[in-house]
**Q** 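Have a look at this one before I ask anything.
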Amino acid sequence: MSSSEFSSDKDKHPAPWASVVVPIHSCRNTIGTSLDGLCRQKVPWWCEVIFICDTIKDDTLELIHKHPLANKWEIMEINKPGRGLAEGYNLGWRAARSNYVFIMHSDCYPVDDDAMLRQVQWLEKENALAVMPLIDIPQNDWFEMNFWDRVTSSQFRHAKPAHGFAGKFDLIRRDALEKIGGFDEKRFFSAAEDADMVGQVNKIGKLAASDVVVIHAHLHPPASRFVSVLRKQAQYGEGAGALIRKNISSFDFIRRAFFILAVNGLKLALFIGLFIPPISLYSLLLLLLLAAYYGRWAMLTRDWRAPLIPFAVSLMFSVNALSMVRGFIQGRQTFGYHKRTK
């Protein structure tokens, strides 16, 4: 669509058909593929993309401005560095002018060119408030990952696409967000805000699951270090603790998250067991076995560090468990890579 065609389309339809909220940071290596996925979408009329800009230190914005999508749809930028995902999502949907609000990360893209249309069709057919897609993890980049990325991605090796409301290509009605009050930015910074939204949607309506596949093409930086892995575990653990604290009395939450709660509870129990002399050895052995299972595919890597994986993953589990306790006690998830600006 040329600029003149876009103007003509906008004259016929003053409001966008859909609004796409995309949080971005320094993501030049993935944003192009994400924009390509949006640009090829077959939609009834023009849409808007709302970029939530967070600490951009490369030419990501220049790439966005030069992409063909900038001439096809309307682009909006909201500059709020260090605000986290929950607050970023809220800034995005509140600026949206369509009732169909897509939330999409900068390292994700839909497989099919009718993905947006089908998400909306599922929303209306199921009379739902929100729709989650099938999330697929690319398997062909396994050998391009660095060692620690293989360790953390080992659990997804040979995994099949699975449904998830995780900000990858979710669709939610704007009026539903208004009724809910948006994402809980007071309790969540950049972890578990999406899992919390699932519960909020289920309280007032239905969350549907579509057959739309979205690729989560996570970037694997070659210089990634183990300390970054531990920081991520702390972030996720704290989010899980805050989520449990908020929903501990909800039967629906316990039912939906039973498996994850059980796994996190096991990690915490084994960590505590390390400090109880009668069972410390058994706890250590069980923790190492669980860690070995978690990193089993990475252990096949020809790297001198491979034998250390059970110990490294055990440390990851321990950091996650401690952070989960911290998040539960304080009732908030605040740990993240970027500090919240004042």
Side-chain angles (χ1 to χ4, degrees), residues 147-159 162 164 166 187-196 199 224-301 303-337:
F147 178 76
W148 295 117
D149 262 334
R150 290 187 191 180
V151 172
T152 56
S153 300
S154 184
Q155 59 181 320
F156 302 114
R157 182 70 168 154
H158 303 305
R187 288 187 177 91
F188 305 102
F189 182 64
S190 287
E193 73 289 327
D194 43 14
D196 177 66
S224 180
R225 298 179 300 167
F226 184 57
V227 66
S228 299
V229 174
L230 295 180
R231 287 174 61 85
K232 201 68 175 176
Q233 289 297 315
Q235 181 181 348
Y236 289 155
E238 199 176 70
L243 183 66
I244 294 170
R245 169 74 176 271
K246 180 179 179 180
N247 297 278
I248 194 169
S249 61
S250 170
F251 175 77
D252 179 67
F253 170 74
I254 295 174
R255 177 187 60 80
R256 287 186 292 103
F258 181 79
F259 177 76
I260 297 176
L261 289 173
V263 171
N264 285 336
L266 177 60
K267 294 176 185 178
L268 180 59
L270 292 176
F271 175 75
I272 294 174
L274 295 175
F275 301 94
I276 303 176
I279 62 171
S280 58
L281 180 59
Y282 300 104
S283 296
L284 177 61
L285 291 175
L286 288 173
L287 187 61
L288 290 173
L289 284 174
L290 181 63
Y293 178 77
Y294 176 96
R296 61 193 182 279
W297 294 108
M299 291 181 69
L300 301 176
T301 302
D303 190 290
W304 66 269
R305 294 167 292 184
L308 301 177
I309 287 178
F311 300 95
V313 175
S314 295
L315 181 57
M316 289 165 51
F317 287 170
S318 299
V319 170
N320 184 280
L322 284 173
S323 300
M324 183 171 62
V325 172
R326 177 186 175 186
F328 183 86
I329 292 173
Q330 64 186 13
R332 299 175 63 224
Q333 185 271 319
T334 57
F335 188 93
Y337 283 109

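All figures in this text were calculated on a predicted structure; none of them were measured in a lab.
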**Q** Using every non-hydrogen atom in the two residues, find where N264 and A240 come nearest and quote the distance to one decimal.
**A**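 For N264 and A240, the tightest heavy-atom pair comes out as ND2-CB, 4.2 Å.
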
**Q** Taking it one step at a time, do Y294 and M316 satisfy side chain to side chain contact (heavy atoms under 4.5 Å, CB included)?
**A** CA-CA 11 Å; Y294 176 96; M316 289 165 51; 4.0 Å; yes

**Q** What heavy-atom pair brings R245 and I329 nearest, and what distance separates the two atoms?
**A**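 For R245 versus I329, the nearest heavy atoms are NH1-O, 2.8 Å.
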
**Q** Are the side chain of R231 and the backbone of S228 linked by a donor-acceptor contact shorter than 3.5 Å?
**A**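 Here the side-chain-to-backbone pair does not exist.
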
**Q** Determine, stepwise, if the pair V151 / V229 fulfils side chain to side chain contact (heavy atoms under 4.5 Å, CB included).
**A** CA-CA 9 Å; V151 172; V229 174; over 6 Å; no

**Q** What's the separation between atom CG in N320 and atom CG in L230, rounded to the nearest 0.5 Å?
**A**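 Rounded to the nearest 0.5 Å, the CG-CG separation comes to 10.5 Å.
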
**Q** What closest approach, in Å, do S283 and L274 show between heavy atoms, and which atom pair accounts for it?
**A**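 Nearest heavy atoms, S283 then L274: CB-N, 3.8 Å.
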
**Q** When rounded to the nearest 0.5 angstrom, what is the spacing between CD1 in I244 and CE in M324?
**A**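 So the gap between those two atoms works out to 5.5 Å.
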
**Q** Looking only at heavy atoms, what is the nearest atom pair of G239 and A192, with distance?
**A**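 Between these two residues, the closest heavy atoms are O-CB, 3.4 Å.
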
**Q** Assess R150 against F147: is NZ or CZ under 6.0 Å from the centre of the six-membered ring, and within 45 degrees of the ring's axis?
**A**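 No, R150 does not sit over the ring of F147.
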
**Q** Which atom names give the shortest non-hydrogen contact between A306 and T301, and what distance separates them?
**A**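 A306 and T301 have their closest heavy atoms at CB-O, 3.6 Å.
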
**Q** What's the verdict on side chain to side chain contact (heavy atoms under 4.5 Å, CB included) for F188 and L243, showing C-alpha distance, side-chain angles and the deciding distance?
**A** CA-CA 8 Å; F188 305 102; L243 183 66; 4.0 Å; yes

**Q** Suppose the criterion is ring-ring contact (aromatic ring centres under 6.0 Å, His included): which pairs have a residue in residues 241-291, not counting sequence neighbours?
**A**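 Residue pairs passing ring-ring contact (aromatic ring centres under 6.0 Å, His included), neighbours aside: F271-F275.
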
**Q** Using side-chain heavy atoms (C-beta onward) and a distance below 4.5 Å, is S154 in contact with M299?
**A**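 Side-chain contact under 4.5 Å: no.
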
**Q** For the CG atom of L284 and the CD1 atom of I279, what is their distance to the nearest 0.5 Å?
**A**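 Here the interatomic distance stands at 12.0 Å.
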
**Q** Tell me, yes or no, whether the heavy-atom count around I260 atom CD1, taken from other residues, nucleotides or ligands under 6.0 Å, exceeds 12.
**A**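 No.
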
**Q** Taking C-beta and beyond as the side chain, do N247 and D196 meet within less than 4.5 Å on heavy atoms?
**A**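 They are in side-chain contact.
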
**Q** Judged by atom type as modelled, is there a donor-acceptor pair below 3.5 Å linking the side chain of E238 to the main-chain atoms of T334?
**A**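 Between the backbone of T334 and the side chain of E238 there is a qualifying donor-acceptor contact (under 3.5 Å).
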
**Q** To the nearest 0.5 Å, tell me how far S318 OG sits from I272 CD1.
**A**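 If we round to the nearest 0.5 Å, S318:OG and I272:CD1 are 11.0 Å apart.
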
**Q** Sequence neighbours left out, what passes ring pair (Phe, Tyr, Trp, His ring centres under 6.0 Å) with F226? Give chain and number order.
**A**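 In terms of ring pair (Phe, Tyr, Trp, His ring centres under 6.0 Å), with neighbours along the sequence ignored, F226 is linked to W148.
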
**Q** Nearest 0.5 angstrom please: L261 CG to L268 CG, how far?
**A**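 Going from CG on L261 over to CG on L268, the span is 12.0 Å.
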
**Q** S190 vs Q235, test: side chain to side chain contact (heavy atoms under 4.5 Å, CB included). Steps then yes/no.
**A** CA-CA 8 Å; S190 287; Q235 181 181 348; 3.5 Å; yes

**Q** Would you mind reporting whether L287 and F317 have side-chain heavy atoms less than 4.5 Å apart?
**A**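 Side chain of F317 against side chain of L287, heavy atoms only: contact under 4.5 Å found.
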
**Q** Identify, with sequence neighbours excluded, every residue that meets side chain to side chain donor-acceptor pair (under 3.5 Å) alongside K267.
**A**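 For K267, no residue satisfies side chain to side chain donor-acceptor pair (under 3.5 Å) once neighbours in sequence are set aside.
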
**Q** If only atom types and distance count, is the side chain of Q333 paired as donor or acceptor with the main-chain N or O of A191 below 3.5 Å?
**A**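 Looks like yes, one N/O pair under 3.5 Å.
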
**Q** What are the two closest non-hydrogen atoms of S314 and A291, and how far apart are they?
**A**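 Heavy atoms of S314 and A291 come nearest at OG-CB, 3.6 Å.
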
**Q** In Å and rounded to the nearest 0.5 Å, what is the CZ to CD distance from R187 to E193?
**A**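 Taking CZ in R187 and CD in E193, the distance rounds to 14.0 Å.
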
